Protein chains: 2
Amino acid sequence: MQNRKDELIESLIAYLLENGLADLSLRPLAAGTGTSARLLIYHFGSKEDLLTEVLEAMQAHVRRSFAQLLEKPSTARSSKPPLKLLWNWAIADENYLYLKLLYELQILAIQNPDTYAQYLGRNTDNWLDLALTALSPSLRTPAMATLCAAVFDGLFIELMSSGDRKRTTQALDCFIQMATETLASLSKA
Amino acid sequence: MQNRKDELIESLIAYLLENGLADLSLRPLAAGTGTSARLLIYHFGSKEDLLTEVLEAMQAHVRRSFAQLLEKPSTARSSKPPLKLLWNWAIADENYLYLKLLYELQILAIQNPDTYAQYLGRNTDNWLDLALTALSPSLRTPAMATLCAAVFDGLFIELMSSGDRKRTTQALDCFIQMATETLASLSKA
DNA sequence: CGTTTCATGTAACGTTCGTTACATGCAAAA
DNA sequence: TTTTGCATGTAACGAACGTTACATGAAACG
């Protein structure tokens, strides 16, 4: 029954959000989600297919949450710069662990593409680029888009290791201020 | 004999540079370095101790290479901004794979600290901060230091996933230009 | 020369891995 | 009521894991 499987997927995502992807094995995973390795294989066919379904569901969750951000009335978000909006969305409690897991997946895929790259959804490598261009169509040069994405990535990773939301958010504000000033002086000239 | 061990460490580092840390196991590691699992345990005592020694040697290599950069006569480097200097050092062939491995270790330590955090040298979490302040003592606010480190981290990770040295380097130049202009306008006021 | 010490090979240990065989309960269908 | 099919438990498979026991060659030392 698809119903049972969907329940399982929810539990499995919750487990992954807490325990990460590296060194994952079926029996602890099953024990941590109140089922058995036998049942996981029964429902998903193999560990590989399980990860395919669960990680796709996880990424769909992220896409859905991001779509909600885009659908908010623009009056609620036009006051803040797009990068700031994206940052606030990313560090919100309901998104933070998901993004943390997504980042772990992407980084594992860099060193072990044979094992992990298959789990990356079609557009996850550049979802950040897509997000930025969706929020800020004025960002036209690839270098600037790459820079903004890198600032976001770098600060999010720093947040993950240090847990210091205050300092990382200040650093982002710092960047936004620099970018705003640069843009202003460019339009003056 | 320490001699034999040092030879082994060199081979083991080479293996890790190519194959990464995740899903590492003794027998493939031994086969890939021309020895046997038996010998690795004999020389290092355990897999954990082996990783401790090998990863410490790897990080020592990075520190040594970075020290060389600092020791260059300042005439050879004063013309370029510190962040650019650091970037060129990091993407140089003799350093790139080492930093890639170091980044993988740091990110594994985020999600699985029990397994991987022990391999992080005393100061590796903030070696980048140290590097930046060593190269650019004018960077005084923690927010700006965090931002510069994040730009470096983010662009390096983007380089690792895309392999696009040109675009990532352009993005860094973009950031440096913004920072230079901001600094100039601040000193004017 | 004999002894000791280091380095290595072979084989196995016990555990965990992903996976499967087989039996069974249980609910819906006939 | 009987049958069918999904969901689950128990137990095990073969492979790989980190590690160890034991034997042995080679080399240094007395």
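Values in this document were obtained by computation on a predicted structure and should not be read as measured data. Chain naming here is simple, since letters A, B, ... match the order of the sequence lines and numbering starts at 1 in each.
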**Minimum heavy-atom distance between A:Ser162 and A:Arg167, given as atom pair plus value** = OG-NH2, 3.5 Å
**Distance, rounded to the nearest Å, where A:Leu26 contributes CG and D:dA16 contributes P** = 17 Å
**Message:** Just the rounded figure in Å: distance from C1' of C:dT19 to CD of A:Glu48.
**Reply:** 14 Å
**Message:** Please pick, from D:dG18, C:dC17, C:dT8, the nucleotide with the shortest atom-to-atom distance to any side-chain atom of B:Arg38.
**Reply:** C:dT8
**Prompt:** For B:Leu8 and A:Gly45, take the nucleotide of DNA chain C holding the closest heavy atom to each; which residue's nucleotide lies nearer the 5' end?
**Reply:** B:Leu8
**Request:** Find the distance A:Asp49:CG to C:dT19:P and express it as a whole number of Å.
**Result:** 9 Å
**Message:** Can you tell me if A:Arg4 touches the phosphate of D:dT8, counting only side-chain N or O atoms and a distance under 4.0 Å to OP1 or OP2?
**Reply:** yes
**Asked** How is A:Leu24 classified with respect to the nucleic acid when contacts are heavy atoms under 4.0 Å: base, sugar-phosphate, or nothing?
**Response** sugar-phosphate
**Asked** Any side-chain donor paired with an acceptor under 3.5 Å for B:Thr168 and B:Trp87?
**Response** no
**Nucleotide C:dT16, atom C1' - distance to NZ of A:Lys47 in whole Å** = 12 Å
**Message:** Can you measure A:Phe44 atom CZ to C:dT19 atom P for me and round it to whole angstrom units?
**Reply:** 13 Å
**Request:** From the options C:dG9, D:dG18, C:dC17, select the nucleotide whose nearest atom is closest to the side chain of B:Ser25.
**Result:** D:dG18
**Asked** Base, sugar-phosphate, or nothing for A:Ser46, non-hydrogen atoms under 4.0 angstrom?
**Response** sugar-phosphate
**Message:** With a sphere of 6.0 Å drawn around CD of B:Glu7, does it hold more than 12 non-hydrogen atoms of other residues, nucleotides or ligands?
**Reply:** yes
**Request:** Answer with base, sugar-phosphate or nothing: what part of the nucleic acid does A:Leu50 contact at a heavy-atom distance below 4.0 Å?
**Result:** nothing
**Prompt:** With a 6.0 Å cut-off on ring centres, are B:Phe175 and B:Phe152 close enough?
**Reply:** no
**Prompt:** Picking from C:dT19, D:dT8, C:dA7, which would you name as closest to the side chain of A:Tyr42?
**Reply:** D:dT8
**Asked** Separation of B:Arg27 atom CZ from C:dC13 atom P, in whole Å?
**Response** 14 Å
**Request:** Give the rounded distance in Å between these two atoms: CG of A:Leu29 and C1' of C:dC17.
**Result:** 13 Å
**Prompt:** Are the aromatic ring centres of A:Tyr98 and A:Tyr103 under 6.0 angstrom apart?
**Reply:** no
**Prompt:** Can you check the A:Asn3 CG to D:dA7 C1' distance for me, whole Å?
**Reply:** 14 Å
**Request:** Would you mind telling me which of D:dA21, C:dA7, C:dT19 lies closest to the side-chain atoms of B:Leu39?
**Result:** C:dA7
**Complete:** Side-chain contact check for B:His43: nearest option of C:dT19, C:dG9, C:dT8 is C:dT8
**Asked** Hey, does A:Ser36 reach any base, or is it just sugar-phosphate, or nothing, if we go heavy atoms under 4.0 Å?
**Response** sugar-phosphate
